[in-house]
Amino acid sequence: MSETRIQEEVRAALNETYRPAPELLSVSIAAIRSDQPQRRQLTWVAGLVAVMLAVGGVAVFISTRTATRQANSPNPTNASLPQPVPQPITRTSAAAQVAWLQFANDQSSLVAVDPRGRLVALDKSTSEAGARAQGVWRSADGSTIYVARADQIIAYSALNGTVQRTYSRAPGNVASNAFSPDGRWLAMLLVDNGALGLQVIDLRSGASQMVPVGHDSNANLPGLSCAGGNCSKSVVWGIAVFAPNSAGIYTLTDWGGPTRIEAFSLEGGKLSQTAAAVDGQGGRKVPSCSAPAMAGSVVNGGKTLVAFCRMDGAVWFFDLDTLKSSGEIRSKQPNPFWLAPIFTPDGHLLYLHQLPGFGDTMQVIDLARQKLLGPVPTPTKLDQGGPFAWLIKDASAGGVPSTVPLSPDGLKLYSATDDGIMVLRVPDLKPLAKLAPGFKAGEVWVSGDGRTIYATSTDGKHLLVMGDDGSHQNTVTFADPTNGFVASERG
Amino acid sequence: MESTAEQQLVLDAKGGDVAAFEAILAPLVEPAHRFATALLQDPDLAKDAVQEACLRAWRKLGNVRPGSPVRPWFLGIVANQCREQTRGRWWQVIRMPQPDRSDNELPEDSAIRNMQVRDALMKLGDRERRVLILRVYLDLPWVEVAAASGLTEAGARTRYYRALDRLRPLSASEEALT
């Protein structure tokens with residue numbers, strides 16, 4: 001092996017991780033200029049005015065340093081994570097405790113299992129010709145399963161699979177759907193022959209409203225090709241996200257570029273558009289993302305929309321008062337689609353879980369401070385410390401924090417491993433317990449009240465049902481492999 | 001930068017001339033950032049390290065001996081700053097090798113190869129890694145490699161060849177496969 005070969009390999013390896021930072025010189029000089037009054041003070045102390053100037057200089061220095069660091073990276077010396085705000089347990093109905101799963105070979109077919117491990121519903125009716133589901137969703141309160149067909153939406157009781165009612169829906173492909181946190185509204189982004197619309201259904205009355213949503217028929221759809229070459233008539237990249245108070249909806253669309261963000265109000269029960277912004281218009285600069293299926297959440301008391309791009313791992317922040325971009329963080333994602341986003345229900349944190357098959361790591365973003373921490377290996381052993389433990393100023397002794405679901409109180413994460421399910425504390429990921437050691441867990445779902453844990457095996461053919469302490473284990477075996485749980489945004 | 005011009009800038013900077021210091025730093029920040037990124041394997045942390053090193057260099061300008069080149073002195077500060085960061089608890093707890101990859105993963109062979117090389121670099125001793133990066137990646141002359149590493153030239157060469165020896169099996173295994 002020649003020296004030259006090794007040198008070439010070292011250069012190639014190091015070049016791969018290097019990213020130019022043209023701002024670094026100016027940022028550093030700015031910090032130095034702010035530092036100057038402090039130095040001068042040592043020489044020119046001549047009274048209170050000089051001291052005050054120096055103190056002012058130090059303050060400017062500190063604020064400059066802080067601002068610069070916030071714009072940069074996780075800082076090893078001053079990073080911290082907020083303690084989670086325990087969420088009230090509201091999904092306590094019997095129906096909200098029943099797990100619903102889709103089958104892998106026919107995702108229109110569903111099966112339901114209750115906390116005692118009993119099969120309570122098996123619905124294959126939706127696989128009938130002409131009745132295939134465009135979506136299977138779970139209500140915010142966990143008590144209802146909605147199956148979207150081409151012309152209607154059928155509501156099934158999550159308790160036993162009986163049909164409760166049907167809702168008529170507008171025609172078109174469902175690009176995205178969302179349930180309001182209060183459970184009243186179902187919003188759907190629908191694309192029909194190139195036109196994009198937002199339909200909102202009042203789930204209590206069945207009343208429906210629809211407004212058009214801006215859409216550029218020439219919007220980029222990177223990597224996507226359609227028969228006839230015109231994807232824009234049938235495909236739109238978009239998500240709809242409710243505000244925490246259920247009175248506002250935000251849509252993020254055409255993010256292949258030019259990205260568009262629009263705001264809608266449901267004040268007084270009437271759906272109306274209140275604002276819109278498009279990349280490149282009015283001086284706005286909005287990032288783009290070259291992959292479908294972004295994930296979004298409204299945080300910071302309804303003031304900020306956070307969106308995660310599965311292609312490049314970017315996390316975007318939008319100020320919802322102005323619909324302007326207010327920041328961007330690039331997470332560490334070695335390959336597209338390796339990270340699964342997990343927003344904590346208090347809106348403080350976004351965990352990014354790198355799937356076990358690709359390394360099983362976690363990163364976490366403090367959404368208020370726009371700071372990224374990690375990646376760290378997801379703990380798999382009980383005696384491991386919490387990798388984010390030192391960031392917690394006041395460790396919560398009793399504090400405990402979904403495939404890494406969150407507990408309904410937002411205090412625990414359940415991480416599926418090849419050796420059971422690790423229960424990890426939010427925010428520091430300290431291991432609290434290992435459930436069902438030896439079980440090769442593929443995906444985990446936590447019941448609405450948090451007292452029952454469901455885990456599929458990695459082959460999808462077995463479902464393990466147990467108490468949240470690992471007790472009372474029952475296993476259900478399916479003839480066909482399942483393909484994951486039907487879960488609401490909240491579990 | 002010509003040494004006389006550089007020395008004048010150093011004198012001016014020592015007198016409090018920030019613009020002079022900026023002129024000194026201008027050609028150094030990019031290699032310093034490359035160096036820090038190579039040492040830390042994290043471009044963002046590397047930015048923090050370089051920024052901190054710039055501030056330290058400004059405060060310690062008085063330590064630059066007349067006639068001495070600034071580049072190795074500054075890169076030495078960067079290396080020390082990076083080492084301090086790796087000593088922090090965050091680094092000890094959080095720092096981890098890239099995840100193992102299974103056969104069904106997507107990246108091309110070259111990306112995997114580069115990752116293996118970076119992992120191997122991180123397993124070198126601090127001085128060996130520092131010398132290797134300065135010599136190979138920044139293409140510095142031996143005299144500067146030595147100065148930036150706090151070693152004699154002979155000591156720097158010894159560590160360089162020791163580092164190459166440690167990386168050789170990795171490359172040899174690659175050759176055997178190809």
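Below, all heavy atoms of this structure are taken into account, side chains as well, without hydrogens, waters or symmetry copies. Naming: A, B, ... by sequence-line order, numbering from 1 per chain.
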Quick one: CZ on A:Arg5 to CG on B:Leu167, what's the gap to the nearest 0.5 Å?
12.5 Å

Any side-chain heavy atom of B:Arg34 within less than 4.5 Å of one from A:Asn15?
yes

Excluding sequence neighbours, so at least two apart, what forms disulfide bond (SG atoms under 2.5 Å apart) with A:Cys309?
A:Cys289

Which members of residues 133-141 of chain B, sorted by number, sit under 4.5 angstrom from chain A on a heavy-atom basis?
B:Ile133, B:Val136, B:Tyr137

Separation between OG (A:Ser28) and CG (B:Leu25), nearest 0.5 Å, reads 7.5 Å

Between A:Leu14 and B:Leu121, is a side chain to side chain contact (heavy atoms under 4.5 Å, CB included) present by the stated rule, with each step listed?
CA-CA 10 Å; A:Leu14 296 178; B:Leu121 281 172; 3.6 Å; yes

Counting only non-hydrogen atoms closer than 4.5 Å, can you tell me which residues of residues 147-165 of chain B sit against chain A?
B:Tyr160, B:Tyr161, B:Leu164

Enter the distance from A:Ile29:CD1 to B:Gln51:CD here, rounded to the nearest 0.5 Å.
10.5 Å

A:Arg11: partners by salt bridge (Lys or Arg N to Asp or Glu O under 4.0 Å), with sequence neighbours left out:
none

Student check: side-chain heavy atoms of A:Arg19 and B:Thr37 closer than 4.5 Å
no

Can you tell me how far the CD atom of B:Gln41 sits from the OH atom of A:Tyr18, to the nearest 0.5 Å?
14.0 Å

Drop me the distance from B:Arg59's CZ to A:Ile32's CD1, to the nearest 0.5 angstrom.
9.0 Å

